[in-house]
Protein chains: 2
Amino acid sequence: MELSERKKKILAAVVDEYIKTAEPVGSKTILQTCDLNCSSATVRNELAELVGMGFLEQPHTSAGRIPTALGYRIYVNELMERQKLSIEETEEINRGLNEKLRQLGTVVSNVGTLAANLTNYTAMAFSATMACTVTRYDLIYVDANTFIIVAMLSNNSVKNKLVNLPISVGQDMIVRLSSAFNANFTNITEEKITPLLIRATERAIDDTMGLTGVVASFAIEVLTSEKATQSYLAGANHLLNQPEYRDPGKAHALMSYLSDNPPLQSIDVSEISPDDGVRVLIGPENVAEELKDSSVIVASYDAGDNTKGLIGVVGPTRMDYSKVAAKLSLIASALSARLGGGSEPPPGLHNKLIVKGDIHEP
Amino acid sequence: MELSERKKKILAAVVDEYIKTAEPVGSKTILQTCDLNCSSATVRNELAELVGMGFLEQPHTSAGRIPTALGYRIYVNELMERQKLSIEETEEINRGLNEKLRQLGTVVSNVGTLAANLTNYTAMAFSATMACTVTRYDLIYVDANTFIIVAMLSNNSVKNKLVNLPISVGQDMIVRLSSAFNANFTNITEEKITPLLIRATERAIDDTMGLTGVVASFAIEVLTSEKATQSYLAGANHLLNQPEYRDPGKAHALMSYLSDNPPLQSIDVSEISPDDGVRVLIGPENVAEELKDSSVIVASYDAGDNTKGLIGVVGPTRMDYSKVAAKLSLIASALSARLGGGSEPPPGLHNKLIVKGDIHEP
DNA sequence: TATTAGCACTCGAAGGGCGAGAGTGCCAAC
DNA sequence: GTTGGCACTCTCGCCCTTCGAGTGCTAATA
C-alpha cells in the first residue's frame with residue numbers, strides 16, 4: 001500500500017511533533033508545522049484515513065493523534081530524515097570517547113556511560129567474546145615465596161596474577177613449571193584443563209606443593225572470564241525524564257527488568273542493518289513483555305580480538321530515533337576504528353609505535 | 001534531657017511502625033504494638049510531649065505522628081535493637097561475596113551490586129588508593145615485534161601490557177631496557193617520571209625507537225590509574241520501590257545526583273563508628289541539598305594494599321536502619337577479611353597456598 | 001471529485017463541594 | 001498521673017460540573 005505524498009508529510013509531522021511534545025497532535029498544529037496548502041478539515045480527513053490504515057491512533061475520541069508502533073516503523077524506515085550530526089556533536093562524541101577510553105577499566109561500562117550521557121537516554125552496553133586459549137605462559141620468579149603468572153591469550157590480551165607461597169620454592173621449580181605449562185596447557189580451551197592433566201603434570205615435574213593446581217586454576221579462571229559476557233546499565237536516571245515513565249510503577253518495572261536481564265542479549269546481531277550498523281526495535285517488536293511499550297536502538301561494534309560489542313539505548317516509543325540512531329552509529333563506528341582492526345593507534349599514546357592491548361587492572 | 005522509659009518505648013514504636021508502613025502512626029496503633037499498661041489517651045499525652053521535644057512531628061493537625069530527623073537520630077543511637085542477622089542472612093551474604101569476588105572484574109562494582117541486592121536499597125561503592133610506585137619491572141620478549149611489560153606495584157598488584165612494534169627489536173635490547181627501568185624507575189611516584197629521566201635513559205641504553213617512552217608512559221598510566229578513585233552506583237531501581245520517591249521529579253533529582261556526584265566521596269572516614277564500622281547520616285545531616293530528606297548508611301572496609309573502600313546505601317529517612325546497618329557491617333568486615341590482611345585465603349582457591357592479588361582483565 | 005467552512009458533539013482535565021473516617025486535643029473525673 | 005469521652009480538624013476519595021481542545025459530519029464550493 002502506497003501512501004500519498006501528503007499523507008507521508010502529515011504522518012511525519014505527527015511523529016516529529018509527538019516526539020517533541022509527548023502530547024497528541026491535532027490538525028491545526030500540523031498545519032502550522034508543515035506547510036500544506038489545505039485547510040485543517042482536509043488534514044482531518046487524511047488523519048482519519050491514516051488511523052484507518054493503522055499508522056495513527058487517538059487516545060480518546062476527541063483527542064489528537066499519536067503514532068502507533070507501525071507508524072513509528074514507517075517513520076524510521078522511510079520518512080525520517082537521516083540526521084547529520086553537527087560538527088559540535090561529532091566533536092563531543094570523539095572527545096567523550098577519547099576521555100573514556102584513556103581511563104582504564106572496563107570498556108563496556110565506559111561505553112555505556114558515554115552513550116547514556118550523549119543521548120540522554122538510558123543506555124546499555126554488552127560484549128561477548130568467543131572462546132579463547134592461552135598461547136603462552138611466563139612465570140616470573142620474584143623471591144622464594146613469590147612468583148607472578150603471566151598468560152598471553154589467543155585474543156592477544158594478557159592476564160597476570162601474583163602468587164604468595166607459605167613455603168619456599170626454588171627458581172628451578174618455577175622454570176620447570178613454566179615449561180610444563182607451555183608444553184601441555186597452551187592452545188587448549190578451558191574444558192580441556194582437567195584434574196587428570198593437572199595430576200599428570202604434577203608427577204612429571206615433581207610438584208608436591210600444588211603449584212600446578214594454582215597455575216591451572218588461574219588459567220581456567222582467566223579463560224572462563226574471557227568467555228563470559230559483560231553487560232552494563234547506565235543513565236537509569238534518564239528514564240525518569242520521560243513523561244511516559246511518570247508512573248513510578250512502570251518506571252520501576254522497566255528499570256528492574258533492565259538491571260536484571262540486559263535485553264541486548266537477546267538481540268540477533270545478524271539483523272543489524274549493515275549500512276549504518278544500527279537496529280531499531282519499536283514497542284511491541286520487542287520480545288520481552290516489559291519492553292512492549294518502549295523502544296530500543298542498538299548498534300554493534302567490533303572490539304577486536306574476537307569480541308563483538310553492542311551498545312543500546314532504551315526509551316519510550318516516542319523516542320528521537322533520528323538523532324539517537326545517528327549518535328549510536330557514530331559511537332559504534334568510532335569504537336570499532338579504535339578497538340577493532342588495530343589499524344589506527346589508540347589515542348593518547350606514542351604514535352611512533354603501534355601499541356595494542358589494554359592495560360589491565362584488578 | 002533524659003527520656004522516661006515509657007517515652008523511649010513509644011518513640012521506638014513510632015519509628016518501627018513508620019519504617020514498616022510509611023504512614024503516620026496513631027496512638028491506638030502504638031498500644032497494639034508495644035504493651036504499655038495505659039490507655040490511648042496517655043499515649044496521646046506522651047506523643048504531644050515528644051512532639052514538643054522535637055522527636056516527632058505531625059504532618060497535619062489530625063494525623064498520626066512521624067519521626068523527625070532528631071527522632072531517627074535518637075532511635076539509631078539509643079533505641080533500636082542492634083539486629084542480629086539470622087543464619088540464613090549471614091549465609092546469603094557470604095554466598096554473595098564468594099560468588100561476586102570469584103567473578104573477575106572490578107571489586108567496586110561487584111560490591112555495589114551485592115549491597116544493593118542484599119539490602120533492597122540503592123547502593124554505592126567507592127574505593128580510593130594511596131599513591132604507589134612500581135617495585136619491579138619485567139619485560140617479556142615474545143617475538144621480534146612483540147613484548148610484554150609486567151609491572152609489580154608497591155601495593156602488590158600487578159599490571160601488564162602487550163606491545164606490538166612495527167619494527168624488529170632484539171632480545172638484548174629488551175633486556176637492557178628492563179634493567180634500566182629496574183635501576184631508575186622503581187620506587188618513584190608517577191610525578192618523578194619526567195621527560196628528562198626518559199631522555200637520559202634512552203641515551204644510556206642506546207634506544208632510538210622510543211621504547212623507553214612506551215614503557216614509561218605505561219608506568220605513568222598505571223600509577224595514575226592506581227591513584228584514581230573508583231565509584232559505582234547500583235540498584236537504582238530500588239529507589240522507586242519506596243513510596244517517598246513516588247514523585248518522579250524527586251526520584252529523578254536524587255538519582256541524577258547520585259550518578260553524577262557519588263556522595264560517599266564527601267564522607268569523612270574518621271567519623272565512622274569504630275565498634276561496628278558503620279556510620280548513619282540522617283536526612284538533614286547530609287551536607288548535599290539533594291540528600292536532605294534521604295538517609296545514607298556507610299560502612300568502610302579495608303581492601304588491603306593501601307586501599308580504603310566505602311560501601312553505602314541510600315534510602316528515605318524512613319529506612320530500616322537496624323537491618324541495613326547490620327548487613328553493611330557484615331559485608332564490610334567480610335570484605336576486609338578477604339581483601340585486607342590477607343590472613344585468610346580467598347575463597348574458591350587452593351587452600352594449601354596463600355594466593356594474593358587479583359586477576360586482571362582488560 | 002477533492003476541498004472547505006461550519007457546527008454539534010465527545011471526552012478528558014481541572015476545580016469545587018460533600019461525606020466518611022481516622023486521629024487529635026482537651027476536659028472533667030478518678 | 002491516668003482515663004474515658006466528646007467535639008474538632010484535616011485528608012482522602014467521590015461525584016458533579018465546567019471548560020476547552022479537537023473531532024466527525026454535512027452541506028456548500030471550486
Side-chain angles (χ1 to χ4, degrees), chain A residues 2-11 13-15 17-18 20-68 71 243-244 246-247, chain B residues 2-11 13-18 20-68 71 243-244 246-248:
Chain A
E2 203 41 65
L3 287 174
S4 75
E5 220 32 62
R6 191 167 64 191
K7 281 204 179 57
K8 282 186 185 173
K9 245 182 166 175
I10 292 178
L11 178 53
V14 172
V15 178
E17 192 64 19
Y18 187 64
K20 257 193 278 175
T21 64
E23 305 213 334
V25 1
S27 49
K28 277 190 192 167
T29 324
I30 294 175
L31 273 188
Q32 283 164 12
T33 52
C34 64
D35 50 309
L36 306 156
N37 295 339
C38 63
S39 75
S40 66
T42 313
V43 176
R44 279 204 292 279
N45 288 334
E46 297 281 49
L47 284 176
E49 287 187 54
L50 284 168
V51 170
M53 295 174 178
F55 298 130
L56 296 178
E57 61 184 340
Q58 31 189 179
H60 323 286
T61 314
S62 83
R65 307 307 208 280
I66 62 177
T68 61
E244 21 275 281
R246 194 67 61 77
D247 172 14
Chain B
E2 204 39 65
L3 286 174
S4 76
E5 221 33 60
R6 191 169 60 193
K7 279 204 179 59
K8 282 186 185 172
K9 247 181 164 175
I10 293 179
L11 179 52
V14 172
V15 178
D16 277 331
E17 192 63 21
Y18 187 64
K20 257 193 277 175
T21 64
E23 305 214 332
V25 3
S27 49
K28 277 189 191 167
T29 325
I30 294 175
L31 273 188
Q32 285 165 10
T33 53
C34 64
D35 51 309
L36 305 157
N37 295 338
C38 63
S39 74
S40 66
T42 314
V43 177
R44 281 204 291 280
N45 288 333
E46 297 281 50
L47 285 174
E49 287 187 54
L50 284 167
V51 170
M53 294 174 177
F55 298 131
L56 296 177
E57 61 184 340
Q58 31 190 178
H60 325 287
T61 314
S62 83
R65 310 306 209 280
I66 63 177
T68 62
E244 20 276 280
R246 196 67 60 79
D247 172 14

Rounding to a whole Å, what distance do you find between [X]:[atom1] and [N]:[atom2]?
{"X": "A/Glu46", "N": "C/dT4", "atom1": "CD", "atom2": "P", "answer": "11 Å"}
{"X": "B/Ile66", "N": "C/dT24", "atom1": "CD1", "atom2": "C1'", "answer": "15 Å"}
{"X": "B/Lys28", "N": "C/dA22", "atom1": "NZ", "atom2": "P", "answer": "8 Å"}
{"X": "B/Asn45", "N": "C/dA29", "atom1": "CG", "atom2": "P", "answer": "17 Å"}
{"X": "A/Gln32", "N": "D/dG22", "atom1": "CD", "atom2": "C1'", "answer": "14 Å"}
{"X": "B/Leu47", "N": "C/dG23", "atom1": "CG", "atom2": "C1'", "answer": "11 Å"}
{"X": "A/Glu49", "N": "D/dT23", "atom1": "CD", "atom2": "C1'", "answer": "16 Å"}
{"X": "B/Leu56", "N": "C/dT24", "atom1": "CG", "atom2": "P", "answer": "11 Å"}

Residue closer to the 5' end of DNA chain D, B/Cys38 versus A/Val25 (nearest nucleotide): B/Cys38

5' precedence on DNA chain D between A/Ala41 and A/Pro24 (nearest-nucleotide basis): A/Pro24

Sugar-phosphate, base or nothing in reach of B/Ser27, heavy atoms under 4.0 Å: sugar-phosphate

Sugar-phosphate only, base, or nothing, as touched by A/Ala63 at under 4.0 Å among non-hydrogen atoms: sugar-phosphate

Test side chain to side chain contact (heavy atoms under 4.5 Å, CB included) applied to A/Leu36 and A/Thr42, step by step: CA-CA 10 Å; A/Leu36 306 156; A/Thr42 313; over 6 Å; no

So does [X] get a side-chain nitrogen or oxygen closer than 4.0 Å to the phosphate oxygens (OP1/OP2) of [N]?
{"X": "B/Gln58", "N": "C/dG25", "value": "yes"}
{"X": "B/Arg65", "N": "C/dG23", "value": "no"}
{"X": "B/Ser39", "N": "D/dT2", "value": "no"}
{"X": "A/Thr61", "N": "D/dT23", "value": "no"}

With no angle test and no hydrogens, is the base of [N] tied to the side chain of [X] by a donor-acceptor pair under 3.5 Å?
{"X": "B/Arg44", "N": "D/dG5", "value": "yes"}
{"X": "B/Thr42", "N": "D/dT2", "value": "no"}
{"X": "B/Ser62", "N": "D/dT9", "value": "yes"}

Roughly how far, to the nearest 0.5 Å, is [atom2] of [Y] from [atom1] of [X]?
{"X": "B/Lys7", "Y": "B/Leu11", "atom1": "NZ", "atom2": "CG", "answer": "11.0 Å"}
{"X": "B/Lys20", "Y": "B/Thr33", "atom1": "NZ", "atom2": "OG1", "answer": "7.5 Å"}
{"X": "B/Ser27", "Y": "B/Asn45", "atom1": "OG", "atom2": "CG", "answer": "10.0 Å"}
{"X": "B/Cys38", "Y": "B/Leu31", "atom1": "SG", "atom2": "CG", "answer": "6.0 Å"}

Among C/dT24, D/dC10, C/dT3, the nucleotide that comes nearest once only the side chain of A/Arg6 is considered: C/dT3

